[in-house]
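Because only heavy atoms are used, hydrogens play no part in the values below, and waters and symmetry mates are left out as well, while side chains stay in.
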Number of protein chains: 2
Amino acid sequence: MSTGPEGSANRVPTLTDVAKLAGVSVATASKAINGRDEVRAATRKRVLEAAELLSFAPNALARGLLRGRTGTVGLLTSDLEGRFSIPILMGAEDAFGAGQVSVFLCDARGDAIRERYHVRALLSRRVDGLIVVGSRTDARPPLAGSIPVPVVYAYAPSANPDDISITVDNVGGGRLAVEHLLSCGRRNIAHITGEVGFQAARDRADGAEAALADAGLSMLGGKPYYGSWDETWGRAAARIVLEQHPGVDAVFCGSDQIARGVLETLRDLGRDVPGGISVIGFDNWEAVAAHSRPRLTSIDMNLERLGAAAGRHLFAAIDGDAPPTSEQFPGRVVMRDSTAPVH
Amino acid sequence: MSTGPEGSANRVPTLTDVAKLAGVSVATASKAINGRDEVRAATRKRVLEAAELLSFAPNALARGLLRGRTGTVGLLTSDLEGRFSIPILMGAEDAFGAGQVSVFLCDARGDAIRERYHVRALLSRRVDGLIVVGSRTDARPPLAGSIPVPVVYAYAPSANPDDISITVDNVGGGRLAVEHLLSCGRRNIAHITGEVGFQAARDRADGAEAALADAGLSMLGGKPYYGSWDETWGRAAARIVLEQHPGVDAVFCGSDQIARGVLETLRDLGRDVPGGISVIGFDNWEAVAAHSRPRLTSIDMNLERLGAAAGRHLFAAIDGDAPPTSEQFPGRVVMRDSTAPVH
DNA sequence: TACGGCGCTGAAAGCCTTTTCGGCTGGTTT
DNA sequence: AAACCAGCCGAAAAGGCTTTCAGCGCCGTA
């Protein structure tokens with residue numbers, strides 16, 4: 001145990017100790033420490049020195065009890081392993097960071113029972129608000145029971161449109177990807193993506209189709225190639241697409257992993273990327289996109305900014321500021337080497 | 001804001017409310033709810049029903065204030081993005097999970113100032129203990145200042161041997177990898193790994209060398225090929241190794257990403273894996289290892305178990321149980337297709 | 001019948017801080 | 001010189017809970 005000097009009354013110092021040492025009352029000590037102006041400069045200095053000497057840290061529990069505000073927030077996620085929770089979590093932490101807010105992290109593992117349990121515990125700890133992060137973009141049932149604090153849903157929206165949900169604009173993302181390919185001069189575009197059961201897959205496909213329609217085009221094969229989110233599917237699907245549509249000159253992939261698989265097949269077949277065929281991924285997962293051959297252009301959904309927005313919205317709701325509404329975040333194209341700008 | 005029925009005295013119910021509704025004193029209500037035996041069964045029932053009706057949740061702040069135990073723990077990590085913090089975090093949450101502990105998550109971003117700031121805040125919230133998770137296995141300076149609660153260091157050990165550190169046995173992991181290759185009948189083994197500045201790289205290399213020495217062998221080239229942790233280096237290094245040691249029949253890689261690069265080069269060159277050359281990675285990063293061609297055998301360091309152990313050790317320290325000591329976790333081989341069992 | 005003892009309940013103190021408000025001091029105004 | 005004011009400071013209450021201890025009614029026993 002890395003406790004301090006064991007002999008010296010091993011107890012966390014309280015305001016009373018500080019006051020005693022400084023020779024003032026606790027009330028004065030409190031005011032001095034909290035920077036209130038009803039205290040003489042000299043007195044404040046004495047108190048501050050005493051506090052420093054004892055390395056006093058005010059008891060946030062007592063403070064929270066009194067003020068009815070704890071300065072804590074619960075972050076309820078469904079899959080920590082996923083790549084989506086973490087950036088959001090970081091963004092949220094940033095949004096709070098500078099201030100006085102600490103974050104309770106709970107992983108419900110996608111289990112409703114466990115989720116309820118965690119919510120109970122968090123409410124018991126009197127968090128000022130809750131952020132609920134999903135692992136898929138499909139709408140999720142809102143938190144069960146009536147929650148006495150503001151709740152913001154991030155990434156996965158709440159099924160209740162009255163709730164505040166901060167989400168990613170997957171339709172826009174799909175559109176962005178296709179528009180980028182079009183701007184590279186491509187016309188024969190196929191879309192290989194993940195499981196059709198995912199809203200994200202369907203939304204991205206919708207965006208892609210819309211962008212193509214705007215250009216008077218349509219997807220090769222008339223619809224997306226749905227499969228799974230991994231490289232293995234990407235490799236297989238690429239073969240299928242090449243066979244069915246030898247004239248394909250661009251592939252929009254629903255994930256970076258799929259794109260990676262596509263790139264591998266193209267390489268196996270000696271196809272020139274991006275000369276003959278352009279490939280664009282989705283998610284901008286650095287570890288995957290930055291080391292493929294060629295390096296993969298991808299759509300980044302700015303998850304960290306999304307997390308930060310969730311944090312800000314929660315704040316606003318807590319403070320009862322402006323009626324915070326839902327928000328949808330656009331993505332951006334991160335150019336690497338698998339797509340070539342128009343010559 | 002998803003608050004409950006706004007009209008009904010919109011205030012979180014307190015024990016007093018419950019007591020009033022049940023027609024008993026707060027003292028009795030407290031005892032009834034906490035399952036103490038100084039209360040008649042009928043009375044307890046009344047209280048419990050009242051609590052249920054109001055959906056009363058005891059105020060953990062008040063309780064913590066009184067008992068001097070908050071049931072909270074601070075988890076201080078240095079890089080959330082990294083793949084190492086998360087499993088540890090989940091393991092720790094599991095270790096606490098069943099019980100009454102909530103976890104404050106703080107990301108210091110590898111910055112000492114920010115770390116100090118977070119520690120201050122956590123102590124102010126009167127956490128019962130701290131887990132410090134590093135992003136590399138290099139020893140880190142212990143937390144600054146005297147910390148009045150137990151601290152457990154996970155993944156990255158504290159430089160102070162008196163502290164409790166739960167770490168991964170990288171030397172053992174390197175040994176494991178080589179022993180596996182030897183058991184596959186390989187004798188000409190090269191080691192391609194990451195930056196020499198990482199203790200993890202050096203440790204794994206040491207383990208590998210020791211295992212080879214035990215078998216009367218040594219590494220091809222006499223020492224590891226140090227570089228960086230990514231695929232690009234893996235691809236380049238594989239070419240170098242093949243050129244310098246045409247007889248190489250196995251490569252132990254310091255990371256799955258390096259291994260992935262090695263596999264790609266071998267594939268480009270038409271070499272047979274695992275027939276002609278075996279490849280083994282390190283970290284067992286599912287996303288990378290499970291979709292390479294062939295699928296990659298790797299060393300898994302059981303980070304989740306490590307996290308759980310950190311949680312348990314922290315508990316023990318908090319409860320003042322057995323003097324908790326440091327611990328080192330072994331890894332295990334996860335067989336896939338890039339190494340073949342001996343025929 | 002009187003009394004000891006048992007089982008249950010409630011009043012009150014305490015945990016640590018913030019905030020209100022009354023009181024004290026010393027200087028200024030009439 | 002009396003009244004007043006500003007500036008500081010301290011006593012006390014509040015916030016929700018647990019725990020101790022005294023008290024009450026009731027049963028069994030002498």
Base, sugar-phosphate alone, or nothing: which one does B/Arg36 contact when heavy atoms must sit under 4.0 Å apart?
sugar-phosphate
Would you say A/Arg69 has more than 12 foreign heavy atoms packed within less than 6.0 Å of its CZ?
yes
Working to the nearest 0.5 angstrom, can you tell me the gap between A/Leu66 CG and A/Leu61 CG?
12.5 Å
Using the side-chain heavy atoms of A/Phe56, tell me which of these nucleotides is nearest: C/dT17, C/dT9, D/dC8.
C/dT17
Please state how far atom CG in B/Asn59 lies from atom C1' in D/dG16, giving the value in whole angstrom units.
6 Å
Closest to the side chain of A/Asn34, out of C/dT18, C/dT17, C/dT9, is C/dT18
May I have the distance from B/Lys45 (atom NZ) to C/dT9 (atom C1'), rounded to whole angstrom?
19 Å
Would you say C/dG10 has OP1 or OP2 under 4.0 Å from some side-chain N or O of B/Ser25?
yes
Return the nearest nucleotide to the side chain of A/Leu66; candidates are D/dC17, C/dG10, C/dT18.
C/dT18
Provide, to the nearest angstrom, the distance between the CZ atom belonging to B/Arg11 and the P atom belonging to D/dG16.
7 Å
Taking the side chain of B/Leu65 as its heavy atoms from C-beta onward, which of C/dC15, C/dT17, D/dT19 lies nearest to it?
C/dC15
Taking 4.0 angstrom as the limit, do B/Glu115 and B/Arg140 come out as a salt bridge?
yes
Any pair with a residue in residues 47-62 of chain B that passes side chain to side chain donor-acceptor pair (under 3.5 Å), sequence neighbours left out, goes on the list, sorted by first then second residue, please.
B/Lys45-B/Glu49
Ignoring the backbone of A/Ser30, work out which of D/dG15, C/dT19, D/dC9 is nearest its side chain.
C/dT19
For A/Arg69 and C/dT19, what is the distance between atoms CZ and P respectively, to the nearest whole Å?
13 Å
OP1 or OP2 of C/dT9 under 4.0 Å from side-chain N/O of B/Thr43
yes
Base, sugar-phosphate, or nothing for B/Thr14, non-hydrogen atoms under 4.0 angstrom?
sugar-phosphate
Proximity to the side chain of B/Ala62 - top-ranked nucleotide from C/dT17, D/dA11, D/dG16
D/dG16
How would you list, by chain and number, every residue that makes a salt bridge (Lys or Arg N to Asp or Glu O under 4.0 Å) with B/Arg109, sequence neighbours excluded?
A/Glu93, A/Asp94, B/Asp107
Tell me: CG of B/Leu15 to P of D/dT19, nearest whole Å?
12 Å
What integer distance in Å separates B/Lys31:NZ from C/dT9:P?
9 Å
Take the protein atom CZ of A/Arg46 and the nucleotide atom P of D/dG10, then report the distance between them rounded to whole Å.
9 Å
Looking only at the side chain of A/Arg40 (C-beta and beyond, no hydrogens), which of the listed nucleotides D/dC17, D/dC9, C/dG10 gets closest?
D/dC9
To the nearest Å, how far apart are A/Arg44 CZ and D/dC9 C1'?
13 Å
